Amino acid sequence: MSFKDIFLVVVLGLLTFTFAVKNGEPITFENMGISDYIILFFVGLFTSSTLVIPGVDFAVLLISIGYYQALIQLIAEIFVFEDLLHKLLVLGIYLVGYAIGSFALSKLIKLLLDKFRIQSQFASFAFVAVAPFIVIKKGILDNPNYSFNTVQCIVGCILGVIAFLGMFFVMRHFRIKREKGELDNV
């Protein structure tokens, strides 16, 4: 691994993490001006990367830029049928940006993977590596509705370790069976 690869991972990781520490008012789709619609279009372009870039999660990206709750709320409120035209317009602008971004990014990612395969894989790794920090920051630390106590934290950690060990031993079991020739397609 070269210095350039490490630098790329660090820069992309820090860039992604800066979205997580963005403080501000909750995003709503009420009283939107033209600039808000333009921003929403670019949010669609930006989040379309989750469709094309391996390892980048849609929900984590939306959480990191602060639009997750607003879009979930918008989709839930569409079925209430109040102010339906405005809500469909907001969702439509987002989806147009998403569609255009998906097409353009798929072409760009193919080009990057063809010319810079290792660097592209490291960039994808940076997104995956920083995702847990974004979820913890936005979903737990900055969430006023989230509360836990020490016992819950300890039990959660113990269950996490048990789940990890369980998966480790299951994978080890299948690897041993495959090496012995007992499994063909696992």
Side-chain angles (χ1 to χ4, degrees), residues 1-24 27 38-72 93-142 156-157 159-186:
M1 186 172 0
S2 71
F3 174 75
K4 184 171 66 171
D5 296 335
I6 294 170
F7 179 75
L8 182 65
V9 168
V10 170
V11 167
L12 289 175
L14 290 175
L15 178 66
T16 305
F17 190 72
T18 58
F19 288 117
V21 295
K22 174 184 120 343
N23 292 324
I27 294 168
I38 293 170
I39 290 170
L40 186 61
F41 175 80
F42 282 105
V43 167
L45 282 173
F46 184 64
T47 56
S48 69
S49 64
T50 62
L51 186 63
V52 187
I53 301 173
V56 179
D57 184 61
F58 179 77
V60 171
L61 192 58
L62 280 176
I63 288 170
S64 68
I65 61 176
Y67 274 81
Y68 181 79
Q69 279 302 122
L71 283 172
I72 294 297
I93 289 173
Y94 171 78
L95 290 175
V96 166
Y98 192 89
I100 291 171
S102 297
F103 177 74
L105 281 174
S106 66
K107 297 295 182 188
L108 177 65
I109 295 298
K110 181 174 180 354
L111 176 75
L112 290 174
L113 283 173
D114 288 343
K115 292 189 178 213
F116 308 103
R117 177 165 293 284
I118 293 174
Q119 291 88 346
S120 298
Q121 289 172 341
F122 275 110
S124 180
F125 172 74
F127 285 122
V128 172
V130 80
F133 298 106
I134 292 171
V135 170
I136 290 169
K137 174 86 169 104
K138 290 291 197 170
I140 297 173
L141 299 177
D142 291 346
C157 289
L159 290 175
V161 168
I162 290 170
F164 175 78
L165 290 174
M167 288 304 299
F168 174 78
F169 287 117
V170 166
M171 294 301 294
R172 183 172 176 249
H173 170 74
F174 282 119
R175 183 177 46 85
I176 291 170
K177 284 194 169 273
R178 184 176 44 236
E179 287 172 358
K180 289 181 179 179
E182 296 175 16
L183 296 175
D184 293 330
N185 296 327
V186 178

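Keep in mind that what you see is a predicted model, and the values were worked out from it rather than measured.
Within a 6.0 Å sphere centred on OH of Tyr68, heavy atoms belonging to other residues, nucleotides or ligands number 12 at most.
Counting only heavy atoms from C-beta outward, the side chains of Ile39 and Tyr67 approach each other to under 4.5 Å. Side-chain contact check for Leu45 versus Tyr98: every heavy-atom pair is 4.5 Å or farther apart.
Under the side chain to side chain contact (heavy atoms under 4.5 Å, CB included) test applied with Ile176, the options His173, Arg178, Lys180 reduce to a single match, Lys180.
The list of salt bridge (charged side-chain N to carboxylate O under 4.0 Å, His left out) pairs with a residue in residues 60-69, not counting sequence neighbours, is empty.
Between Leu165 atom CG and Arg172 atom CZ the span is 12.0 Å, to the nearest 0.5 Å. A distance of 12.0 Å separates CZ in Phe42 from CD1 in Ile93, rounded to the nearest 0.5 Å. To the nearest 0.5 Å, the span separating CZ on Phe164 from CZ on Phe169 amounts to 9.5 Å.
Qualifying salt bridge (charged side-chain N to carboxylate O under 4.0 Å, His left out) partners for Lys110, counting only residues two or more places apart in sequence or in other chains: Asp114. A search for side-chain hydrogen bond (donor to acceptor under 3.5 Å, both in side chains) contacts involving Tyr94 returns Thr47, not counting sequence neighbours.
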